[in-house]
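What follows is one structure encoded as structure tokens, with my remarks underneath.
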Amino acid sequence: MMPRILLDPGLPVPLYRQVVEAVRAGIASGELPAGAELPGVRELATSLRINYHTVARAWQELEAAGLVERQRGGPFRVADGGRDDAALAALREGLRALAATALSHGLQPAEMAGWWAEALTDAERRLTPHPGAEE
Amino acid sequence: MTALLCRGLCVHPMLGAVDLEVAAGECLGIVGPNGAGKSTLLATLAGGIRPDGGTLWCPGTLAWMPEGFRVDPGVPGREWLAMASALPGWNTAFAERALAALPVPLDRAVGRLSMGERTRLGLVVTLPREVSVLLLDDPFLGLDPAAQLAAQALVSERAGPDRAVVLASSDVDSILRLCTAIAVLQGGRLGESQPIDALAEAAGRSGLTPIEHVARLTQA
């Protein structure tokens, strides 16, 4: 299921880029797992009320980044096991900034580690389709 | 493939010669200050006003929605719909969906419709035509919020690969959503069109939102 894409033409970011970022975020959060089918260009353009070229350009960018792929004539699907290096680098930067903020609030490293472990457990639970079931 | 081309088109004594080219699959947004001549330009492209000179080339079919659907005020909407649906290339299935998305009191004379209702009628009789060039003059004028979203979706659906669209509007949000390129009509001159993505990037570089950027471009 395609996550909801919120676009804002009022932002100084081209709409195709906003679509790319929304799909990247969906892949990173696990909402769009490997193999998930992306909607067709015309169909998504109409539901987002944007030009179909904008969606086509977003799909092209995602394909060039190796995040989505398609068989001849088929729909685009989220690529298997692709790690989004750009997104991971940004994530690492974000974590650094977060750690600095936590220290500036007087949080102790051990407490911080506890919060991190808790967040990971929560995220894993949310991403597992059938809690407790082995694959 | 070029769907609409003009070279040195003399639209109005107050306007310079217009050069313009729109290919199938493109949607050109025209913005400009009030009174800049957007409606006059579209009426000329549609053949509703005879130009004083220059070349206008449109090898395919064309449909034009005049601003506020200013047509004979005594005729009820149902008759306009009947006339439009008798034209070649009428897409009945799309027309039914358009009318369901944008309901119009069809039995009322056009002159007794509100501005938003006239815009709805204009869209409902223009969009279903399978033409190669679609000229839309402020197709969101007076629409309520729900109708505006419905109209944006319908225009998006019709702006497909086989059709060229020229969309004049004072609603920059809709232009940014629906167009592939934008051209500014200002001070009697139609500027060169620029890709819509480049516009958002240029706005970002100047520290402006795209709407602020367009407002600055169209300042008299």
Side-chain angles (χ1 to χ4, degrees), chain A residues 1-26 37-65 67-68 70-76 86-87 89-90 93-94, chain B residues 23-29 94 97-98 101 127 140 145-165 167 169 171-182 194-215:
Chain A
M1 181 63 190
M2 189 69 185
R4 176 107 170 79
I5 297 181
L6 289 174
L7 297 180
D8 185 356
L11 293 176
V13 178
L15 288 176
Y16 84 88
R17 188 127 286 289
Q18 295 187 34
V19 175
V20 166
E21 292 312 323
V23 174
R24 270 179 191 268
E37 195 178 301
L38 297 186
V41 166
R42 300 288 304 277
E43 178 198 338
L44 184 64
T46 299
S47 78
L48 293 175
R49 310 183 320 275
I50 58 178
N51 192 280
Y52 78 97
H53 282 285
T54 305
V55 179
R57 183 163 180 194
W59 278 194
Q60 260 169 34
E61 297 258 324
L62 289 162
E63 188 180 31
L67 293 172
V68 305
R70 74 164 148 187
Q71 306 290 319
R72 267 183 81 86
F76 275 109
E93 254 335 285
Chain B
E26 285 181 349
C27 178
L28 175 67
F94 181 88
R97 274 194 297 121
L127 291 182
F140 310 108
Q148 163 124 357
L149 298 194
Q152 285 177 339
L154 292 171
V155 172
S156 158
E157 189 178 339
R158 296 313 263 172
D162 302 326
R163 187 165 300 126
V165 181
L167 197 167
S169 183
D171 175 23
V172 181
D173 178 88
S174 294
I175 296 247
L176 291 165
R177 282 182 172 276
L178 297 167
C179 295
T180 53
I182 186 168
Q194 65 164 316
I196 208 84
D197 295 331
L199 180 110
E201 281 157 6
R205 279 195 302 274
S206 340
L208 299 171
T209 68
I211 293 172
E212 288 168 341
H213 185 71
V214 171

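Every chain is numbered from 1 and lettered A, B, ... according to where its sequence line falls, protein lines coming before strand lines.
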Open item on the list: Determine whether B:Phe94 and B:Leu127 satisfy the following criterion, side-chain contact (heavy atoms from CB on, under 4.5 Å), listing intermediate values before the conclusion.
Closed with: CA-CA 8 Å; B:Phe94 181 88; B:Leu127 291 182; 3.7 Å; yes
TODO: Please look at A:Arg57 and chain B and tell me whether the side chain, the backbone, both or neither of the residue comes under 4.5 angstrom of a heavy atom of that chain.
DONE: side chain
Open item on the list: Can you tell me which of B:Val172, B:Leu154, B:Ile175, B:Leu176 forms the most heavy-atom pairs within a distance under 4.5 Å of chain A?
Closed with: B:Leu176
Open item on the list: Could you walk me through whether B:Gln148 and B:Asp171 satisfy the side-chain contact (heavy atoms from CB on, under 4.5 Å) test, starting with their C-alpha distance in whole Å, then the side-chain angles of each, then the deciding distance to 0.1 Å, before giving a yes or no?
Closed with: CA-CA 10 Å; B:Gln148 163 124 357; B:Asp171 175 23; 2.7 Å; yes
Task: Chi angles and distances behind the salt bridge (charged side-chain N to carboxylate O under 4.0 Å, His left out) call for A:Arg17, B:Glu201 - done: CA-CA 11 Å; A:Arg17 188 127 286 289; B:Glu201 281 157 6; 5.9 Å; no
Open item on the list: Here's a test for you: under side-chain contact (heavy atoms from CB on, under 4.5 Å), which of A:Ile5, A:Leu11, A:Ile50 qualifies with A:Gln18?
Closed with: A:Leu11
Open item on the list: If I measure from the heavy atoms of chain A, does B:Leu208 come under 4.5 Å with its side chain, its backbone, both, or neither?
Closed with: backbone
Task: Residue, of B:Ala153, B:Ala202, B:Ala203, B:Gly204, that accumulates the most heavy atom pairs under 4.5 Å with chain A - done: B:Ala153
